[in-house]
Amino acid sequence: MKILKGLIEVDEAVAAFAKVLSKINLQKESVRIEEALGRIVASDVKAEFDFPDQDRSAVDGYAVLAEDTYYASQYNPVELKIVNNREGDLCVERGVAFEVFTGNPIPCGANSVVMKEDTVRDNDKILVLKPVPVGGNISRKGEDYTKGSVLVGKGTVVNPFHIAIMASNGLKMVEVFEKLKIGIISTGNEIVSPGLAREHGEYYDSTGTLIHQLLIQDGFYRVTYYGIFPDDVKALTEALEEATLENDIVITIGGTGVSESDVVIDAAEKIGEQVFRGVKMRPGRPTSSSLVNGKPVLHLSGYPVAAWTGYEVILRRAVAKAFNLVNYKRHVAFARLSRRLPNQAGYQTYIRVQLKTGEGELTAEPYMLRGSGVLSSLVFSHGYVEIPSNIEGFEKGDIVKVFLF
């Protein structure tokens, strides 16, 4: 039986893995904005013009002088004459109104727009039933953004909102970093691929599938799955050699424990060097890292929840740190604990929770306090709570931060 010793803190593991990741030299490439979803922006995207580029109407209605409407009401409507301004060469004067539609430029002389719903039209006149202030219902030039302002900053992981704002400025291309090439190696004599027949004592590779899909969801990885390898040092050494030569990062699944059959770390150390061996976190304590052919390798547990913890806590945070990602953190919510959450001293613990609403606040209900192999605890949870290693846990009724899936 091997012994896990020299466990390091979560923050130390993140820093150590980020340090080796930072040596990856990602090249830049230009892609169409429609193809940039999930990619990492390589340099600030700046506006080439003000938006809007002129004052424009925010509603369908009538461009007027606000002063004409100050005393308007349903019982004392103000009558204004509608002037046809098809040529766009006239200016609004006292007592007149120009019809405008949402997005139309504001005619010269006008300083507000009265909404169509607040008027009654009578041929070439309108009755204004409600006052409008100076600037009312006008979208000002540069109100959204101004020329030269940063629309999408370097290190941003592109989402649909970023693509839309780039499109609003007429941009067709954006400079992004090339995708990180990442390889996955699943291990275990008892593991078989989904879809194949299995014998008693064999299990389908749900953990490899989970990590594969999480990486694809992130958007900035080019993922290669190398398949399932037996618990054999020679076979794993050859697999690691191939995968590290072809990728920027390699992830192994399984074989990180302390039994004699857990030989992934042995294989990695035979041809590489150790970065860290084990982390003070639960689940996922055996999570480790090596350097093989100068490439970072992250060794995750074969249990799905423990592997997810390694991905979530070590890989995601290290990648964000190494590549200065500005919007890659999980969204959070604050909720009141429905029951006590204990912690093992010296360990950072990650508990899946379900969020429930009631009595005007969110409640966090712990879901499966134990069981690093219980995949359904991820499926039926809404997020997780992180219990720091320096506290004994959270009490029932405490307000806790929930990191949302």
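For the 3.5 Å distance criterion, the side chains of Ser288 and Arg277 qualify, holding a donor opposite an acceptor. For the 3.5 Å distance criterion, the side chains of Gln354 and Glu365 fail to qualify, holding no donor opposite an acceptor. Side-chain contact, Tyr350 with Glu312: no donor N or O sits under 3.5 Å from an acceptor N or O.
Annotation for Tyr203: atom OH does not count as buried by contact number, only 12 or fewer foreign heavy atoms lying within 6.0 Å. Within a 6.0 Å sphere centred on CZ of Phe405, heavy atoms belonging to other residues, nucleotides or ligands number more than 12. Heavy-atom neighbours of Glu395 CD from other residues, nucleotides or ligands within 6.0 Å: above the threshold of 12. When the shell of 6.0 Å around NZ of Lys81 is examined, it contains 12 or fewer heavy atoms from other residues, nucleotides or ligands. By the neighbour-count criterion of 12 heavy atoms within 6.0 Å, atom NZ of Lys321 is sparsely surrounded, having that number or fewer from other residues, nucleotides or ligands. Around atom CD of Glu199, no more than 12 heavy atoms belonging to other residues, nucleotides or ligands sit under 6.0 Å away.
Atoms CG and NZ, from Leu362 and Lys356 in turn, are 12.5 Å apart once rounded to the nearest 0.5 Å. Residue Glu241 holds its CD atom at 11.0 Å from NZ of Lys295, rounded to the nearest 0.5 Å. Taking CD1 from Ile251 and NE2 from His212, the interatomic distance works out to 10.5 Å, rounded to the nearest 0.5 Å. Rounded to the nearest 0.5 Å, atoms CZ (Arg352) and CG (Leu378) are 6.0 Å apart. Expressed to the nearest 0.5 Å, how far OG1 of Thr156 lies from CZ of Arg39 amounts to 14.0 Å. Note that CG of Asn247 and CD1 of Ile185 are 8.5 Å apart. Values are rounded to the nearest 0.5 Å.
A donor-acceptor contact shorter than 3.5 Å links the side chain of Asn343 to the backbone of Pro388. Between the side chain of Asn85 and the backbone N or O of Leu90 there is at least one donor-acceptor pair closer than 3.5 Å. At least one donor-acceptor pair closer than 3.5 Å links the side chain of Asp44 to the backbone N or O of Lys154. Checking side-chain atoms of Asp248 against main-chain N and O of Lys181 turns up a donor-acceptor pair under 3.5 Å. Side-chain atoms of Asn169 come within 3.5 Å of backbone atoms of Glu48 as a donor-acceptor pair (strictly under, hydrogens ignored). Asp232 places a side-chain N or O within donor-acceptor distance of the main-chain N or O of Lys234, the cut-off being under 3.5 Å. Judged by distance alone, with hydrogens and angles left aside, the side-chain atoms of Ser301 form a donor-acceptor pair with the main-chain N or O of Tyr303 at under 3.5 Å. The closest donor-acceptor contact from the side chain of Thr187 to the backbone of Ile253 lies under 3.5 Å. At distances below 3.5 Å, not a single donor-acceptor pair connects side-chain atoms of Asn189 with backbone N or O atoms of Pro230. Of the possible polar contacts, one joining the Asp50 side chain to the Lys147 backbone as a donor-acceptor pair under 3.5 Å is found.
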Report task. Please report the C-alpha distance between Asn111 and Glu67 in whole Å, then the side-chain angles of each, then the deciding distance to 0.1 Å, and finally whether the side-chain hydrogen bond (donor to acceptor under 3.5 Å, both in side chains) criterion is met. Result -> CA-CA 9 Å; Asn111 60 12; Glu67 294 87 337; 3.3 Å; yes

**Report entry** Chi angles and distances behind the side-chain contact (heavy atoms from CB on, under 4.5 Å) call for Val10, Lys280
**Finding:** CA-CA 6 Å; Val10 169; Lys280 293 179 182 179; 5.9 Å; no

Report task. Kindly indicate, with the supporting measurements, whether the criterion side-chain contact (heavy atoms from CB on, under 4.5 Å) is fulfilled by Leu240 and Thr252. Result -> CA-CA 9 Å; Leu240 282 168; Thr252 65; 3.9 Å; yes

Query - Worked verdict on Ile184 versus Leu215 for side-chain contact (heavy atoms from CB on, under 4.5 Å) - result: CA-CA 10 Å; Ile184 300 175; Leu215 294 171; 3.8 Å; yes

Query raised in the report: Is there a side-chain contact (heavy atoms from CB on, under 4.5 Å) between Leu26 and Phe323 once you walk through the steps?
Result: CA-CA 9 Å; Leu26 289 178; Phe323 300 105; 3.8 Å; yes

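When side chains are defined from C-beta on, Asp218 does not count as touching Val319, because their heavy atoms never get closer than 4.5 Å. Counting heavy atoms from C-beta on, the side chains of Arg32 and Lys172 come closer than 4.5 Å. Put simply, the side chain of Glu117 does not reach to within 4.5 Å of the side chain of Val59, judged on heavy atoms. Considering only heavy atoms from C-beta on, Leu245 comes within 4.5 Å of Asn293 through its side chain. Between Val128 and Ile126, some side-chain heavy-atom pair lies under the 4.5 Å cut-off. By the 4.5 Å heavy-atom criterion applied to side chains, Arg330 and Leu404 are not counted as neighbours. You'll find the side chain of Ser377 reaches within 4.5 Å of the side chain of Val305, heavy atoms only. Side-chain contact check for Glu12 versus Phe276: every heavy-atom pair is 4.5 Å or farther apart.
The shortest heavy-atom contact between Val113 and Val132 is O-CG2, 3.5 Å. Between Asp144 and Pro52, the closest heavy-atom pair is N-CD, 4.0 Å. Closest approach of Pro77 to Leu127, counting heavy atoms only: CB-CB, 4.0 Å. Heavy-atom minimum distance, Ala63 versus Val92: O-CG2, 4.0 Å. Closest non-hydrogen pair, Pro366 versus Val353, comes out as CA-CG1, 3.9 Å. Contact between Leu210 and Pro304 at its shortest, heavy atoms only, is CD2-O, 3.6 Å.
None of Val20, Leu298, Ile24 except one satisfies the side-chain contact (heavy atoms from CB on, under 4.5 Å) rule with Ile249; the exception is Ile24.
Sorted by first and then second residue, the ring-ring contact (aromatic ring centres under 6.0 Å, His included) pairs with a member in residues 159-186 form an empty list; sequence neighbours excluded.
Classification of the Trp308-Tyr384 ring pair by plane angle, with boundaries at 30° and 60°, yields perpendicular.
Salt bridge status for Arg56 with Glu143: absent, with no side-chain N to carboxylate O gap under 4.0 Å. Here Glu386 pairs with Arg317 in a salt bridge; the nearest charged N to carboxylate O distance falls below 4.0 Å.
With Tyr347 as the aromatic partner, Arg282 meets the cation-pi criteria of under 6.0 angstrom to the ring centre and within 45 degrees of the ring axis.
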Counting only pairs under 3.5 Å, give me each side-chain donor-acceptor contact of residues 93-110, with atom names and distances, residues two or more places apart or in other chains.
from	atom 1	to	atom 2	distance (Å)
Arg94	NE	Asp68	OD1	2.6
Arg94	NH2	Asp68	OD1	3.2
Glu99	OE1	Arg121	NH1	3.3
Glu99	OE2	Lys116	NZ	3.0
Thr102	OG1	Asp60	N	3.3
Thr102	OG1	Asp60	OD1	3.1
Asn104	OD1	Phe101	N	2.8

